[in-house]
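Read through the structure below, which is laid out as structure tokens, and then see the notes.
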Amino acid sequence: MKIAALISGGVDSAVAVHKLVEEGHDVHLFYIKIGRDDGLGDCSYEEDVEMCRLIAARYKLPLEIVPLHDEYWEYVMGYALDTVRRGLTPNPDMMCNLIIKFGFFEQKWGHEFDLTASGHYASTEIDSDNNKWLTTAVDPVKDQTDFLGRITYDQLKHIIFPIGNIPKAEVREIARATGMPNAMRKDSQGICFLGKINYNDFIRRHLGERPGPIVELETGKVLGQHRGFWFHTIGQRKGLGLSGGPWYVVKKDVVENVIYVSGGYDTDRQYGRYLHLAETKFITLDPWEGIDCDNVEITFKNRHMPEFIPGHLTRLGAEGEYVIASDRKVQGIAPGQFAVLYDKDSHRCLGSGVITGQNIQ
């Protein structure tokens with residue numbers, strides 16, 4: 001089978017390539033370049049590409065470096081900056097997968113291959129009706145299906161995840177045992193392709209600063225100053241510069257440029273039980289299409305984390321509008337973020353919706 005393999009220079013995509021070669025596929029490697037001339041993005045580009053070239057040479061595979069910087073900065077970072085500017089919390093990694101890795105790449109290069117392979121920790125399965133589903137990885141701590149919860153069904157049909165059935169420790173061991181040059185390379189921690197760039201520096205460069213007060217929600221007391229509401233997100237604890245904490249961001253007034261905080265490790269102000277969703281999209285199909293979706297048992301994630309939170313989903317009146325009633329208190333429900341929906345067994349990733357912050361109980 002002729003497969004386009006997305007490779008990043010990291011150990012996960014390298015081991016994915018190893019597995020594909022072991023299985024006898026005709027593999028072509030692609031590195032997506034999104035760096036710009038202004039010094040932002042692809043900060044580890046040269047090291048990444050050197051690793052990719054070493055992997056390509058090791059397996060005698062063709063490697064192509066494909067430029068998608070214009071598309072990335074217009075659509076992904078444009079979305080992120082607009083979301084932050086409106087006082088919401090974006091998820092550029094989800095949009096990067098939807099728009100860049102499995103969007104523009106597929107349109108320009110990937111469609112010429114039988115499948116596109118990715119080093120994500122995720123899996124797929126085919127049901128009895130021949131529908132393909134996105135399913136969680138065998139390693140629950142490394143599972144990355146929440147980053148894929150916005151992709152379309154057409155995209156999913158063309159993707160495979162060669163390491164989804166391998167625990168991370170075993171991936172490292174395969175890389176070490178086969179003598180891969182990146183066997184001990186650290187995992188990337190940045191925003192999608194942005195690597196090690198400081199998030200606040202990135203926001204400051206594009207949106208500047210707008211100082212305003214940090215106010216204790218319960219008392220109205222001014223505790224300090226922030227440099228712009230766009231540097232802070234609901235549920236944030238670190239980086240506030242306040243003494244006598246811990247303090248959590250619990251509310252933002254983007255009109256008056258005020259950040260509201262609440263103190264204490266167990267303050268109820270940082271928790272909620274209900275998540276109102278808009279623009280909900282299902283990847284394969286709506287499991288409740290044509291039937292009543294009222295208080296259906298599910299699990300979900302409202303941020304990237306190992307745990308799947310149990311809850312119940314109810315469809316509301318408007319198209320794409322749902323509410324999740326969590327079975328337990330949820331910390332840091334941030335408007336603008338995505339809630340990623342799973343079946344009750346946390347096996348199939350069903351899709352996602354945008355958290356609105358609207359109060360529904």
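All values below come from the heavy atoms of this structure, side chains included, with hydrogens, waters and symmetry mates left out.
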Can R315 and D286 be said to form a salt bridge (charged side-chain N to carboxylate O under 4.0 Å, His left out), step by step?
CA-CA 11 Å; R315 183 191 295 124; D286 180 349; 3.5 Å; yes
Same cluster for V171 and M184 if Ile/Leu/Val/Met/Phe/Trp/Tyr side chains link at under 4.5 Å?
no
If you compare all heavy atoms of P181 against all heavy atoms of M51, which two are closest, and at what distance to 0.1 Å?
O-CE, 3.9 Å
Could you check E218 against S262 for side-chain hydrogen bond (donor to acceptor under 3.5 Å, both in side chains), going step by step and ending with a plain yes or no?
CA-CA 7 Å; E218 293 84 355; S262 187; 2.5 Å; yes
Taking the side chain from K252 and the backbone from H232, do they hold a donor-acceptor pair closer than 3.5 Å?
yes
Without swapping roles, check the side chain of S123 against the backbone of L134 for a donor-acceptor pair under 3.5 Å.
no
Rounded to the nearest 0.5 Å, what separates atom SG in C52 from atom CD in E50?
9.5 Å
Around atom CE of M1, are there more than 12 heavy atoms from other residues, nucleotides or ligands closer than 6.0 Å?
no
Using 30° and 60° as the class limits, which term best fits the ring planes of F161 and H120: parallel, tilted or perpendicular?
perpendicular
Would the F30 and F105 ring centres measure less than 6.0 Å apart?
yes
For the residue pair F104 and Y75, categorise the inter-ring angle as parallel (less than 30°), tilted (30 to 60°) or perpendicular (more than 60°).
tilted
If the threshold is 4.0 Å, N to carboxylate O, is there a salt bridge linking K168 and D143?
no
Kindly say whether I126 contributes a backbone atom to a donor-acceptor pair with the side chain of K132 at under 3.5 angstrom?
no
Taking salt bridge (charged side-chain N to carboxylate O under 4.0 Å, His left out) as the test, write out the residues that go with E209, two or more places apart.
R204, R227
State plainly whether one hydrophobic cluster holds both L88 and F338, where clusters connect Ile, Leu, Val, Met, Phe, Trp and Tyr through side-chain heavy atoms under 4.5 angstrom apart.
no
Using the six-membered ring of F113, assess whether NZ or CZ of K2 lies under 6.0 Å from its centre and within 45 degrees of the ring axis.
yes
Go through the structure and list residues passing salt bridge (charged side-chain N to carboxylate O under 4.0 Å, His left out) with R53, not counting sequence neighbours.
none
Salt-bridge criterion met for E307 and K301 (N-O under 4.0 Å):
no
Please indicate whether E319 has more than 12 foreign heavy atoms, meaning atoms of other residues, nucleotides or ligands, lying under 6.0 Å from its CD.
no
Look at the aromatic rings of Y322 and F282 and report parallel, tilted or perpendicular, splitting at 30° and 60°.
perpendicular
Rounded at 0.5 Å granularity, tell me how far CG in L223 sits from CG in L240.
10.0 Å
With sequence neighbours excluded, what pairs up with K251 under the salt bridge (charged side-chain N to carboxylate O under 4.0 Å, His left out) test?
none
Taking 4.0 angstrom as the limit, do D82 and R86 come out as a salt bridge?
yes
Do R150 and S352 have side-chain atoms, one donor and one acceptor, less than 3.5 Å apart?
yes
Is there a donor-acceptor pair closer than 3.5 Å between any side-chain N or O of D343 and the backbone N or O of R348?
yes
D146 side chain vs V340 backbone, donor-acceptor pair below 3.5 Å
no
